[in-house]
Number of protein chains: 2
Amino acid sequence: MTRHDPIQSCDSCPIRANAVCADCAPDEIAVLDRAKTYRTVPAGGRLAEAGEPLTYFSSIVSGCATMSRTLEDGRRQTVGLLLPSDYIGRPGRSTSAYDVEAVSEVTLCRFECATFERLLRETPHLATRLLTMTLDELDAARDWAVVLGRMTARERVAAFLVSLARRQARLSHQAEPTRAIALALPLSREAIADHLGLTIETTSRQFTALRKAGAIETPSTRLVQIPDFERLALEAGEDDDGGMIA
Amino acid sequence: MTRHDPIQSCDSCPIRANAVCADCAPDEIAVLDRAKTYRTVPAGGRLAEAGEPLTYFSSIVSGCATMSRTLEDGRRQTVGLLLPSDYIGRPGRSTSAYDVEAVSEVTLCRFECATFERLLRETPHLATRLLTMTLDELDAARDWAVVLGRMTARERVAAFLVSLARRQARLSHQAEPTRAIALALPLSREAIADHLGLTIETTSRQFTALRKAGAIETPSTRLVQIPDFERLALEAGEDDDGGMIA
DNA sequence: CGCTTATTTGAAACAAATCAATGATTGTGG
DNA sequence: CCACAATCATTGATTTGTTTCAAATAAGCG
């Protein structure tokens, strides 16, 4: 992980092109620039708690966070993996529906709820971009439901790696991952298991199985080498041209 | 199912208070009223196909539809149950990401894509309502991920019935279902299984188990009597006061 | 370098899927 | 209107993938 200098202005912001502000015109950005504040939370820090008040609308500038729910008996399901440019919070609600916790050091760009709701009314391109991002998130959540509802443990692990590789590629402004990719896993095996609806043991076994099958290499636990992205996508139940449909 | 007269104007529309138009002022509604067209599709009809063009943005006025994806090998996962006031289509995309099919006769209120996108720009309350509904759908999709990822077969069936009861209550303008409720299931056992990420056999067994446990009664396959809603919610893994969190 | 935590691997138990058959409902033509 | 076919739902027996329980190994950290 490279160390970044503290960001001062939206001009030098690494998520300027993808975040909720991406569609804003220079004059709109000027307004946001004045209203925003930054906050950095260490790895393991809580950014929101299910049922508790959430008084900011935040975008992740750097780092990684998980959004999850824990049942009374301890079962936990991660419902979203938050990477740079993803947002936390919901306009119109003052409490969080999920736990959000930083899995690495996270820097947020945030607005007070009331401020953000005003900005949303007064900044047309902010509202349209938020809608687009929310629709994208909805599609992603539905795609993930297919993984959780119908895929085997092995397919789930492959699907997770494929999805992570795609998002990592998009963050570096590529449309698709290259044939061979190195993936830095932001999550522990346990956090991956919670995301996949599996136990940590099953998750670990599937990493081993994919490695033995030659679909991935694991130089260290937090590093995955994908020698052939298409091959791994096949393991994830996708057909040759990227769609998962018949 | 009661037979409705064809709707002519938005004034007499049954979903006026909940659909994408719900927040619109009278002058905004007047514009929508002129642009909309109705269409009725028989049970079993296809409203959209994954990967295929979708040239309308539609709201369900009456009836029920499922949104699903089918994998090459035939595995199917339903990612959304569409009831009156829910919408089909995505502004900014011209193809559907999922199959949408009518499970009962469905009447749609629809706008051509280009028209709807123009309306979205020119009708502030339409855009805000669409955002709110999409955020709600996103929360629902994430809640469902918890069901698919972490719940047992029995809990899934209970959760499905609870969720259906809640939505049925909301459609008749109640905040919460009453203690005892009669539920008319819009879905076959197979469609329920596809929604729950289970097989039809397991689904059927859990209906039987819940019946034997006294949590439900099943006068006919498409009818479920819930004698005590809270009791069933407990079976669905919810704690006493409605939250699923610890 | 030793201690703690994370990950991998193994064996047994279990929940759900699969295979197989029966029973119930719905629709249709004689 | 009833017999028949066809679909849908339930139940039973067995298999299988995943979990659980248990232990060993590897990795991070003061």
Side-chain angles (χ1 to χ4, degrees), chain A residues 1 42-44 66 71 73-77 103-105 147-161 184-213 216-224 235 237, chain B residues 1 42-44 66 71 73-77 103-105 147-161 184-213 216-224 235 237:
Chain A
M1 299 286 141
T66 57
L71 275 51
D73 57 8
R75 286 178 290 180
R76 170 158 46 182
Q77 178 64 44
V103 296
S104 66
E105 184 181 275
V147 172
L148 294 177
R150 289 300 182 198
M151 292 203 174
T152 64
R154 178 161 171 164
E155 288 171 325
R156 291 184 203 202
V157 171
F160 167 70
L161 295 172
L185 300 184
L187 302 180
S188 68
R189 291 290 186 270
E190 180 165 36
I192 294 172
D194 285 341
H195 193 220
L196 299 176
L198 299 171
T199 59
I200 183 174
E201 295 96 329
T202 301
T203 304
S204 176
R205 280 185 240 274
Q206 301 312 323
F207 268 96
T208 305
L210 287 172
R211 181 166 44 71
K212 285 185 175 163
I216 59 170
E217 287 154 44
T218 54
S220 84
T221 51
R222 291 289 187 128
L223 220 75
V224 172
E235 291 275 3
Chain B
M1 298 288 139
T66 58
L71 274 51
D73 57 8
R75 285 177 290 179
R76 170 158 47 183
Q77 178 64 45
V103 295
S104 66
E105 184 180 277
V147 172
L148 294 177
R150 289 299 182 199
M151 292 205 174
T152 64
R154 179 162 170 163
E155 289 170 325
R156 291 185 204 202
V157 171
F160 167 70
L161 295 173
L185 300 183
L187 302 180
S188 67
R189 291 290 186 272
E190 180 166 35
I192 294 172
D194 285 340
H195 193 221
L196 299 176
L198 299 171
T199 59
I200 184 173
E201 295 95 331
T202 300
T203 303
S204 177
R205 280 185 239 274
Q206 301 311 324
F207 269 95
T208 305
L210 287 173
R211 180 167 44 72
K212 286 185 175 162
I216 59 170
E217 286 154 45
T218 53
S220 85
T221 52
R222 292 288 188 126
L223 219 74
V224 172
E235 290 275 3

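Bear in mind that the values here come from a model prediction, so they are computed numbers and not experimental data. So you know, we letter chains A, B, ... as the sequences are listed, proteins then strands, and number each from 1.
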Nucleotide [N], atom [atom2] - distance to [atom1] of [X] in whole Å:
X: A:Asp194; N: D:dT19; atom1: CG; atom2: C1'; answer: 14 Å
X: B:Met151; N: C:dA15; atom1: CE; atom2: P; answer: 17 Å
X: B:Arg150; N: C:dA15; atom1: CZ; atom2: P; answer: 16 Å
X: A:Leu198; N: C:dA15; atom1: CG; atom2: P; answer: 17 Å
X: B:Leu196; N: C:dA17; atom1: CG; atom2: C1'; answer: 15 Å
X: B:Arg75; N: C:dA17; atom1: CZ; atom2: P; answer: 12 Å
X: A:Arg154; N: D:dT16; atom1: CZ; atom2: P; answer: 18 Å
X: A:Ile192; N: C:dA6; atom1: CD1; atom2: P; answer: 14 Å

Write down the atom of [X], the atom of [Y], and the distance for their closest heavy-atom approach.
X: B:Arg154; Y: B:Ala213; result: NH2-CB, 3.3 Å
X: B:Gly149; Y: A:Gln77; result: CA-OE1, 3.4 Å
X: B:Asp194; Y: A:Arg150; result: OD1-NH2, 3.1 Å
X: A:Thr221; Y: A:Arg189; result: O-NH1, 2.9 Å
X: A:Val147; Y: A:Ala159; result: CG2-CB, 4.2 Å
X: B:Pro186; Y: B:Val103; result: O-CG2, 3.9 Å

With sequence neighbours excluded, tell me which residues meet salt bridge (charged side-chain N to carboxylate O under 4.0 Å, His left out) with B:Arg205. none
How far does the helix from C:dC1-D:dG30 to C:dG30-D:dC1 bend, going by the axes of its first and last five pairs, to the nearest 10°? 40°
Min side-chain heavy-atom separation A:Leu148-A:Arg156 under 4.5 Å: yes
Base, sugar-phosphate, or nothing: which does B:Thr152 touch, judged by heavy atoms less than 4.0 Å apart? sugar-phosphate
Side chain of B:Glu217, backbone of B:Val224: donor and acceptor closer than 3.5 Å? no
Identify all pairs in which a protein N or O lies below 3.5 Å from an N or O of nucleotides 9-11 of chain D, and state each distance.
residue: D:dA9; atom: OP1; partner: B:Arg189; partner atom: N; Å: 3.3
residue: D:dA9; atom: OP2; partner: B:Arg189; partner atom: N; Å: 3.3
residue: D:dT10; atom: OP1; partner: B:Arg189; partner atom: NH2; Å: 3.2
residue: D:dT10; atom: OP2; partner: B:Arg189; partner atom: NE; Å: 2.7
residue: D:dT10; atom: OP2; partner: B:Ser204; partner atom: OG; Å: 3.0
residue: D:dT10; atom: O5'; partner: B:Ser204; partner atom: OG; Å: 3.1
residue: D:dT11; atom: OP2; partner: B:Thr208; partner atom: OG1; Å: 2.5

